[in-house]
There are 2 protein chains.
Amino acid sequence: MRCLSCREEYDEANAGTCKECYEEASETEEELKREIDDLKSKLKFLTARSPVDPQNPNPSSSCFTDVVLVASDDDCEDGAPSVPAHKAVLVSRSPVFRAMLKNEMEESRSGTIKISDVSYEVLCSFVHYLYCAEVTLDEQMACELLALAEKYQVKHLKAYCEKFMRSKVDVENALINFAFASQHNAKHLLEASLSVVTDNMEKLTKQDVYKELIDKDPRLIVGIYEAYLAKKDNTASSCSLPQNPS
Amino acid sequence: MRCLSCREEYDEANAGTCKECYEEASETEEELKREIDDLKSKLKFLTARSPVDPQNPNPSSSCFTDVVLVASDDDCEDGAPSVPAHKAVLVSRSPVFRAMLKNEMEESRSGTIKISDVSYEVLCSFVHYLYCAEVTLDEQMACELLALAEKYQVKHLKAYCEKFMRSKVDVENALINFAFASQHNAKHLLEASLSVVTDNMEKLTKQDVYKELIDKDPRLIVGIYEAYLAKKDNTASSCSLPQNPS
């Protein structure tokens, strides 16, 4: 038989689908691609012009902005350039900004929002994301943006950073990531890093960061040992018993 | 053989793909679905809160709006409710609004944009679309929004209305749609309606709208006859000659 898709001969052992299912699957694929094109076009239409581009910060391109954000991490706070933005955009992306700006708090009156513990570069990326849902991440940027996203409850950005960080978890950074995830309430990153930690207990309990954590946050270490024991028990029971629903 | 997809038996004549291609296609489908989920989530994040919901107009839900649009079609212009909006949104969706609002024209100074020849209901739907790229169309609404989208160069909305109108073209409305498409520069609708018109010349030249068009815009009717003749020639040549590249 000749495959209708790759046009190569195959024998009965390598047979896949019947003709009808092949044709249906092709149609489905075309439909999905059309849906993707529609969604991309809609997204392009709705994406707001970001008043700040992290690759090329140029506040002069902004228009009709009615608020500025200032990174208050910089030593020379007065000289720090501010990031212009639209209240309507901040409010629609973050419930924290919404409460801040709609309730006539200090920030709403002054038109200035101070963002503490963040560099100007990270703040630009943060604001840009609120407009375009796009950012180029490295590990440092992902950490800082995740913390900011958690603080201002920008779930979409938090999930994006968390996914990136999960993909980077290894034996070297698992403990640090575990502590970070615990601090910033990042459940998926917590699970991924805890799994690597408990798979490498002997190695990781020799790391300096392990000793630092015992001093700084011993409860976290307790959590690790509990997870380690539970995993060991599970492995043991699934080895000795074929099936144990309890 | 048993189909790996529908699990039914089939014979060689109904064979589709090999196993490898089936598995690849399944993976592709999963990937496309994941991409769709990602795009939908991004879209949800970026969609601005519309200050006006056409189903339930309630301007009090708007916030930080800095401009109002007024439908100047209504007789009682002074009493017509206005539609609040954000300059930043109008500017990012329409090059016409951009020129109007960035160049310190009358509209920018007064904060009021008059939209002529449109009802309040259509204006609400128009503004809502600029925020959410969503609208429920019927044939009347599609006509009016297409005209508005053409005037303010909102390509995404124009394409959306045009697609809807194309799907509704039939012998009864083909001539009207042809005239409408010509007036509003809607190429795809023009082609679709012209094709129905030239397929039904005898019937359509008896319609009242045909006689009206001869008075109002005879050039349009000339265009129809030219297309009709070209089609007839093509059909004739493709019948008499197997292939005619000229």
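Remember, predicted model here, so these are calculated numbers, not experimental data. Excluded from the calculations below are hydrogen atoms, water molecules and symmetry mates; all remaining heavy atoms, backbone and side chain alike, are included. Here is how names work: the chains are called A, B, and so on, in the same order as the sequence lines, proteins then strands, and each is numbered from 1.
Under the 4.5 Å side-chain criterion, counting only non-hydrogen atoms from C-beta, Leu69(A) is in contact with Leu90(A).
For a residue to count as touching a neighbouring chain, one of its non-hydrogen atoms must lie under 4.5 Å from one of that chain's; by this rule Glu29(A) touches chain B with backbone and side chain alike. Within the 4.5 angstrom heavy-atom criterion, only side-chain atoms of Cys21(A), from C-beta onward, approach chain B. Contact of Val89(B) with chain A is not made at all, since no heavy-atom distance falls under 4.5 Å. Using a 4.5 Å cut-off between heavy atoms, Leu130(B) touches chain A through backbone and side chain atoms alike. Heavy atoms closer than 4.5 Å to chain A are found nowhere in Tyr160(B), neither backbone nor side chain. Of the two parts of Leu101(A), the backbone and the side chain both hold a non-hydrogen atom closer than 4.5 Å to a non-hydrogen atom of chain B. Of the two parts of Arg2(B), only the backbone, made up of N, CA, C and O, holds a non-hydrogen atom closer than 4.5 Å to a non-hydrogen atom of chain A.
Looking at Glu134(A) and Lys42(B), a side-chain N of the basic residue comes within less than 4.0 Å of a carboxylate O on the acidic one, giving a salt bridge.
Using modelled atom types, one finds no donor on one side chain facing an acceptor on the other under 3.5 Å when comparing Thr28(A) with Lys33(B).
Top candidate by heavy-atom pairs under 4.5 Å with chain B, chosen from Thr47(A), Leu32(A), Thr17(A), Leu4(A), is Thr17(A). Per-residue counts of heavy-atom pairs under 4.5 Å with chain B were compared for Ala48(A), Ala133(A), Ser92(A); the largest is that of Ala133(A). Ranked by heavy-atom pairs under 4.5 Å with chain B, the first of Lys44(A), Glu9(A), Glu12(A), Glu8(A) is Glu12(A).
Partner of His86(A) under the ring-ring contact (aromatic ring centres under 6.0 Å, His included) criterion, chosen from Phe64(A), Phe97(A), Tyr131(A): Tyr131(A).
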